[in-house]
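One structure is given here, and the rest of the page talks about it.
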Amino acid sequence: MDTTLADPPQSALSGVARVLVHAGKLQPKAAEDLVRLAREKKTSFVNAVMASGTVTSADLAHTLAHALAMPLMDLNAVDSHKLPQNIIDAKLAAQHQVVVLARRGNRLFIGGADPTDQEVVERIKFATQLTPEWIIVEHDKLVKLLGASASGSTAEQLEAIAGDDFEFDISEEETAPQEEAQEMGDVEDAPVVRFLQKMLVDAINMRASDLHFEPYEYHYRVRFRVDGELREITQPPIAIKEKLASRIKVISRMDIAERRVPQDGRMKLKFGSKAIDFRVSTLPTLFGEKIVIRILDPSSAKLGIEALGYEKIEKERLLLAIHRPYGMILVTGPTGSGKTVSLYTCLNILNQPGTNISTVEDPAEINLPGINQVNVNDKAGLTFAAALKSFLRQDPDIIMVGEIRDLETADIAIKAAQTGHMVMSTLHTNDAPTTLTRLLNMGVAPFNIASSVLLITAQRLTRRLCENCKAPAEYPRDALLRAGFAENDLDGSWKPYRAVGCSSCNNGYRGRVGLYQVMPISEAIQRIILTQGTAMDIAEQAQKDGVRDLRQSGLIKVKSGVTTLEEVLAATNE
């Protein structure tokens, strides 16, 4: 082959340059200039040719494959995620611009644009003890592939995300069994630690309620839930998924060796001058453990009832009910609708030195000084019902049950409400009227419900408009009427607003506000319960009693410019 290509004018050329000159793709003088330029810039001849634009990537690849009788592969047809990993050093691959395409026995197929580079062949052969075989690929596609797959080491990528000079104090001591010492060594990976700390701090600063760490087959992503909406924050290297999971498990007091079953834990971290609790949940998925961290900010329980978004009459009804000496108050709504914050707010109002308050929760989300909080422990037999029975022997004034899930818990709670205790709890129902029929369906006697339940609050959370950037919106009159506005509401005395978006908010929204249906149990509703009326009967009577449903409550927020019509429709579309 050499004798064929070696013409006298090309004696100073070698490798790819000789092939291109012999094929008529380059003039000898141009080839000599490019060789000299590549030597001066300390780069490869192929890079110099590509930079000059005299030959295209496709032309170069096809010319070399034809002249040297070597196979040619289109990298666009290759799934980069399925290429062999960690066979050759990443720096070596980047320096010589090669990629491992496959391995068959002791043969290693490497793709590159310069098959005459013998140095890389010898280095790969020495490092892997395998026999490299060339496959020619197009230079531009190779550069793109290398850039996507080798954009720095895992540590470098994490450092770029987390930054430097970071301090974050962990208030809990980190302990682990001696037999896990090796895995602990892996966990103490500084870039992973800094990355986790960075994510937690960013989540707190963004007022997020949850962090989601999600492993997939070919990538790993982190999402925050801000104002009820999930937002993708970053995609760290997938290689960190096990180290990150182990790190979170260590500081949450979980079993880092157990990856087959879900686990729950807690951690408390110091953020500036205050400590913030986090509730941690792990879930085994197809490609690793998904971890969700909920931020439990104690300040949210001390906002005060004014900050929650109750209208004047709704607030008066609620305050009147919680100051009654005995009875039951129920808060209903789906998961994440703010039920716990509403209950904690009521407990804070009632938390006085002369009052004995006990709560049983699964788990207790926020520590409330002056209140006796108990965590459910089903394995140990400490259920809601068992805790309630114990509370009744503890001389309580007010009892809060995290959730009424079964007839036994409902029965004990109602008996406690009938025997001189104020009982507060939650149920997962859509609105206040259906809560009463849910209790009936559980098996609670109608006369027990009618005589013990004082008030039911149903609630939803909608995003609050940013005051800095909200702008007036125009809606067709018939659309407003279909949404629930009455004719006399559309008198031109108010304007709906829409979300715009600015630097201080999240797509036009900042924070959330509650929509409430506060339904006192009137004598008329008691009679419907005793005759085992339907939820529709109760809802009709509640309207006659002046109780707003969730949609009507939301429309008031639209009229006052607190939120948008779209948010209200989305939250109350039932």
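None of the values given here were measured: they were computed from a predicted structure.
- Checking side-chain atoms of Glu567 against main-chain N and O of Arg463 turns up a donor-acceptor pair under 3.5 Å.
- Only one option out of Glu232, Glu214, Glu229 pairs with Arg223 in a side chain to side chain donor-acceptor pair (under 3.5 Å); it is Glu214.
- Legend: residues meeting salt bridge (charged side-chain N to carboxylate O under 4.0 Å, His left out) with Glu119, ordered by chain and number and at least two apart, are Arg123.
- The salt bridge (charged side-chain N to carboxylate O under 4.0 Å, His left out) search around Asp378 returns none, not counting sequence neighbours.
- With rounding to the nearest 0.5 angstrom, the CE atom of Met199 is 5.0 Å from the CZ atom of Phe224.
- Within 6.0 Å of NE2 on His62 lie no more than 12 heavy atoms contributed by other residues, nucleotides or ligands.
- Within the 3.5 Å criterion, the main-chain N or O of Leu130 finds a donor-acceptor partner in the side chain of Thr128.
- Here the side chains of Asn47 and His139 are in contact, with some heavy-atom distance below 4.5 Å.
- In terms of heavy-atom proximity, Thr63 sits nearest to Ala23 at CG2-CB, 3.6 Å.
- Atom CG of Leu200 sits about 7.0 Å away from atom CD1 of Ile295, to the nearest 0.5 Å.
- Side chains of Gln235 and Tyr216: a donor-acceptor N/O pair is absent below 3.5 angstrom, by distance only.
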request  = Would you please test Tyr497 and Glu467 for side chain to side chain donor-acceptor pair (under 3.5 Å) and show each step?
outcome  = CA-CA 10 Å; Tyr497 285 86; Glu467 292 296 330; over 6 Å; no

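- For residues 94-127, no pair satisfies ring-ring contact (aromatic ring centres under 6.0 Å, His included), with sequence neighbours left out.
- Judged by distance alone, with hydrogens and angles left aside, the side-chain atoms of Lys290 form no donor-acceptor pair with the main-chain N or O of Thr285 at under 3.5 Å.
- Ala38 and Ser44 get closest at one heavy-atom pair: CB-O, 3.8 Å.
- Here the CG-SG distance, from Asn468 to Cys502, works out to 5.0 Å after rounding to the nearest 0.5 Å.
- The backbone N or O of Ala364 lies less than 3.5 Å from a partner atom in the side chain of Asn375, making a donor-acceptor pair.
- Proximity of a side-chain donor or acceptor of Thr43 to a complementary backbone N or O of Arg39 within less than 3.5 Å is not detected.
- Note that the CD1 atom of Ile110 and the CD1 atom of Ile124 stand 4.0 Å from one another [nearest 0.5 Å].
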**Asked** Stepwise, does the side-chain contact (heavy atoms from CB on, under 4.5 Å) test hold for Leu101 with Leu75?
**Response** CA-CA 10 Å; Leu101 296 173; Leu75 285 180; 4.0 Å; yes

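- Side-chain N or O atoms of Arg551 include one that pairs as donor or acceptor with a backbone N or O of Ala483 at under 3.5 Å.
- Within the 4.5 Å cutoff, the side chain of Asp117 has no heavy atoms near those of the Val98 side chain.
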Checking side-chain contact (heavy atoms from CB on, under 4.5 Å) for the pair Val193/Arg247: CA distance, chi angles, key distance, verdict? CA-CA 7 Å; Val193 172; Arg247 174 67 182 174; 3.7 Å; yes

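- For the pairing with Glu133, the salt bridge (Lys or Arg N to Asp or Glu O under 4.0 Å) check across Lys125, Arg103, Arg107 returns one residue only, Arg107.
- Formation of a donor-acceptor pair under 3.5 Å by the Gln263 side chain with backbone atoms of Asp255 is found in this model.
- A search for salt bridge (charged side-chain N to carboxylate O under 4.0 Å, His left out) contacts involving Asp210 returns Arg294, not counting sequence neighbours.
- Of the listed residues (Thr564, Asp227, Thr462), just one forms a side chain to side chain donor-acceptor pair (under 3.5 Å) with Tyr509, and that residue is Thr564.
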One pair to check against side-chain contact (heavy atoms from CB on, under 4.5 Å): Leu60 and Thr56. What are the steps and the verdict?
CA-CA 6 Å; Leu60 172 65; Thr56 66; over 6 Å; no

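- A cation-pi arrangement is absent between Lys241 and Tyr220, since the terminal nitrogen or guanidinium carbon is not both under 6.0 Å from the aromatic centre and inside a 45° cone about the axis.
- At least one side-chain heavy atom of Lys25 sits less than 4.5 Å from a side-chain heavy atom of Asp59.
- A donor-acceptor pair is defined here as one N or O able to donate and one able to accept, closer than 3.5 Å; such a pair exists between the side chain of Lys339 and the backbone of Gly333.
- Taking CZ of Arg253 as the start and CG of Asp264 as the end, the distance is 16.0 Å to the nearest 0.5 Å.
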For this session: Evaluate the salt bridge (Lys or Arg N to Asp or Glu O under 4.0 Å) criterion for residues Asp33 and Lys29: first the C-alpha distance (whole Å), next the side-chain angles of each, then the deciding distance (0.1 Å), finally the verdict.
Result: CA-CA 6 Å; Asp33 292 341; Lys29 179 67 170 65; 3.1 Å; yes

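- Counting only residues at least two apart or in different chains, salt bridge (charged side-chain N to carboxylate O under 4.0 Å, His left out) contacts with residues 496-512 are absent.
- At distances below 3.5 Å, not a single donor-acceptor pair connects side-chain atoms of Glu217 with backbone N or O atoms of His219.
- Between His428 and Glu403, the side chains place a donor N or O and an acceptor N or O closer than 3.5 Å (distance only, hydrogens not considered).
- Taking both residues in full, the closest heavy atoms of Gly402 and Thr426 are given as O-OG1, 2.5 Å, listed atom of the first, atom of the second, then distance.
- The nearest pair of heavy atoms linking Arg266 to Leu296 is NH2-CD1, 3.7 Å.
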Exercise for the section: Take Ser57 and Met50 through the test side-chain contact (heavy atoms from CB on, under 4.5 Å) and record every step on the way to the result. Expected result: CA-CA 7 Å; Ser57 293; Met50 292 297 101; 3.3 Å; yes

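- Using a 4.5 Å heavy-atom threshold, the side chains of Ile276 and Ile204 count as touching.
- For the salt bridge (charged side-chain N to carboxylate O under 4.0 Å, His left out) test, residues two or more places apart in sequence or in another chain that qualify with Asp362 are Arg405.
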